[in-house]
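Below is one structure; the comments refer to it alone.
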Amino acid sequence: MANLKELSKVPERLAGGHRLCIGCGAGTLTRQTLLAAGNTPVVVTCATGCLEVSTSVYPYSSWKKDSFFHSAFENSAATMSGIEAAYVALKKTGKIKEKINFIAFGGDGGTYDIGLQSLSGAMERGHRMLYICYNNEAYMNTGIQRSAATPRGATTTTEPAGKVKPGKEQHRKDMTEIMVAHNIPYVAQAVVGDWNDYVTKVQKALSIDGPTFINIMQPCPLGWGTKPEDTLALGRLAVDTNIWPLYEVENGVYKINKKPKEKKSVVEFLKPQARFKHLFNSNPKNAEIIESVQKITDAKWELLLKREGGK
């Protein structure tokens, strides 16, 4: 596990005073990512989104030490592919000698949807990079539109809950397992709220000579309709309800990092969020949605246990 004493010696690489919303987990996970990189130089690419617009508003930058490249919404992974390929070529000629880590960030919109093609290509080609999806389950930066990561029943500006529809009607895409299917060396899920698990996974990913992927759930107080001070607790609650299990897949081998001692109902995760408020009215159809969310959550957890080996 990550060593807190050693992490405390690493200088901060993301400046305070960035423009992220109060309670946004993106700043927390970015600071933890850079701490996990230690003192090794890092090149960062970032798709258009909350993290980009809040940390690199011209002529200012929150990136104190690391090289930062803002790419378009759909091509953070493709941009990093070119940077990493250039590094390999320069290292062969002796023009670069030091090790550099390559970290690409993208939100769920730029990862699950319009960035999937470039991400898939980068993983298949085998570029040495860590791709981090900071997953707040909608296009939060552009107005809280639904994405493929938005869970069933959530209300968004493009699929609002009302008399006709109960919010988003489809269950979310399983992006983590899509990355596992690429047969890359390392894939993991994490949450904002469990720093040790996340930092340990970043350290492991950066130690691997090949493509790696971490999908980290990051509650958005604005889009989720939650209190800013509840962000970290909601991340942990997602784990305790099995909504978002903590696990990793290293060279095809599954390992669950935390098994809740007492599994909580998905209701405990859904109820504090205004985006699910309509599910708790008297409409029986909404009760069916909650039941379906619980059912698919239980089914996925059982499948994950089997993939690990039934432990």
Answer yes or no: does atom NZ of K91 have more than 12 heavy-atom neighbours from other residues, nucleotides or ligands under 6.0 Å?
yes
Identified side chain to side chain contact (heavy atoms under 4.5 Å, CB included) partner of Q203 from the options L7, L35, T33
L7
Give a yes or no answer on whether the side chain of N196 reaches the backbone of A2 with a donor-acceptor pair at less than 3.5 Å.
yes
We want to know whether N215 and Y131 form a side-chain donor-acceptor pair, criterion being a heavy-atom distance below 3.5 angstrom.
no
Do V266 and L305 belong to the same hydrophobic cluster, where Ile, Leu, Val, Met, Phe, Trp and Tyr are linked whenever their side-chain heavy atoms lie under 4.5 Å apart, directly or via other members?
yes
N257 side chain to E248 side chain, donor-acceptor N/O pair below 3.5 angstrom:
yes
Note: D197-K201 ion pair, threshold 4.0 Å (strictly below):
yes
Quick one: pull up CG in L20 and OG in S62 and give me the separation to the nearest 0.5 Å.
7.5 Å
What heavy-atom pair brings D113 and K173 nearest, and what distance separates the two atoms?
OD1-NZ, 4.3 Å
Might you confirm whether atom NZ of K99 has over 12 heavy atoms from other residues, nucleotides or ligands at distances under 6.0 Å?
yes
Once you round to the nearest 0.5 Å, how far does CG of L119 lie from CG of N75?
11.5 Å
OG1 on T241 to CD on E268, rounded to 0.5 Å:
8.0 Å
Count I, L, V, M, F, W, Y as connected when their side-chain heavy atoms are under 4.5 Å apart, and connections chain through other members. Are I243 and Y134 then in the same cluster?
no
Rounded distance (nearest 0.5 Å) linking atom CE of M123 with atom CE of M129:
5.0 Å
Would you find a donor on one side and an acceptor on the other, under 3.5 Å apart, between the side chain of D108 and the backbone of A149?
no
Salt-bridge test for R146 and E137: reply yes if a basic N is under 4.0 Å from a carboxylate O, no otherwise.
no
Would you say that C24 contacts T231 through its side chain, given a criterion of any heavy-atom pair below 4.5 Å between the two side chains?
no
Going from NZ on K64 to CG on L34, what distance comes out if it is rounded to the nearest 0.5 angstrom?
10.5 Å
Closest approach of P260 and N242, non-hydrogen atoms and distance?
CG-OD1, 3.5 Å
Side-chain heavy atoms under 4.5 angstrom apart, residues restricted to Ile, Leu, Val, Met, Phe, Trp, Tyr: same cluster for V192 and L246?
no
Would you indicate whether F280, at its atom CZ, is surrounded by more than 12 heavy atoms from other residues, nucleotides or ligands within a distance under 6.0 Å?
yes
Does D174 pair with K300 as a salt bridge, N-O distance under 4.0 Å?
yes
Which class fits the ring pair Y247 and Y254: parallel under 30°, tilted 30 to 60°, perpendicular over 60°?
parallel
Surrounding NZ of K165 (heavy atoms of other residues, nucleotides or ligands, distance under 6.0 Å), is the total greater than 12?
yes
Here the gap from Q145 atom CD to T157 atom OG1, rounded to the nearest 0.5 Å, amounts to 4.5 Å
Using a side-chain heavy atom cutoff under 4.5 Å and only I, L, V, M, F, W and Y, what cluster partners does I114 have?
F73, Y139
Salt-bridged, K263 to D298, with N to O below 4.0 Å?
yes
Does the side chain of N251 come under 3.5 Å of the side chain of Y186 through a donor N or O and an acceptor N or O?
no
Cluster partners of V53, using ILVMFWY side-chain heavy atoms under 4.5 angstrom, listed by chain and number?
none
Test side chain to side chain contact (heavy atoms under 4.5 Å, CB included) applied to Q273 - qualifying residues, sequence neighbours left out
W224, T226, L234, F269, R275, F276
Using a 3.5 Å distance criterion without hydrogens, assess whether the side chain of E308 forms a donor-acceptor pair with backbone atoms of I256.
yes
Are more than 12 heavy atoms from other residues, nucleotides or ligands located less than 6.0 Å from atom CZ of F68?
yes
Using a 6.0 Å cut-off, check whether atom CD of Q117 has over 12 heavy atoms from anything other than its own residue.
no
Would you say that E74 contacts S118 through its side chain, given a criterion of any heavy-atom pair below 4.5 Å between the two side chains?
no
Do we see a donor-acceptor contact under 3.5 Å between the side chains of R172 and T150?
no
On a heavy-atom basis, the closest approach of A205 and I214 is CB-CD1, 4.4 Å
Inspect the contact between K285 and E288 and indicate whether a charged nitrogen and a carboxylate oxygen are less than 4.0 angstrom apart.
no
Short question: side chain of D230, backbone of A233 - any donor-acceptor pair under 3.5 Å?
no
Please determine whether side chain to side chain contact (heavy atoms under 4.5 Å, CB included) holds for the pair V43 and D66, giving the CA-CA distance in whole Å, both sets of side-chain angles, and the decisive distance to 0.1 Å.
CA-CA 6 Å; V43 174; D66 303 295; over 6 Å; no
Residues, nucleotides or ligands: over 12 heavy atoms within 6.0 Å of R31 CZ:
no
Considering all heavy atoms, the nearest T176-F213 contact
CA-CE2, 4.4 Å
When you look at T79 and F69, which way does the side chain to side chain contact (heavy atoms under 4.5 Å, CB included) test go after all the steps?
CA-CA 8 Å; T79 302; F69 196 110; 3.5 Å; yes
Residues, nucleotides or ligands: over 12 heavy atoms within 6.0 Å of E291 CD
no
Tell me, with the steps shown, if K277 and K271 meet side chain to side chain contact (heavy atoms under 4.5 Å, CB included).
CA-CA 7 Å; K277 184 179 179 180; K271 213 160 193 178; over 6 Å; no
F102, W63: one ILVMFWY side-chain cluster at the under-4.5 Å cut-off?
no
Atom of E84, atom of R128 and distance for their closest heavy-atom approach:
OE2-N, 3.3 Å
For residues M140 and W244: do they belong to one hydrophobic cluster (side chain heavy atoms under 4.5 Å, members Ile, Leu, Val, Met, Phe, Trp, Tyr)?
yes
Can T45 and S76 be said to form a side chain to side chain donor-acceptor pair (under 3.5 Å), step by step?
CA-CA 6 Å; T45 62; S76 183; 3.0 Å; yes
Side chain to side chain contact (heavy atoms under 4.5 Å, CB included) assessment of I103 paired with I132:
CA-CA 7 Å; I103 302 176; I132 297 172; 3.8 Å; yes
Please name the pair of heavy atoms, one in P166 and one in H278, separated by the smallest distance, quoted to 0.1 Å.
O-NE2, 3.0 Å
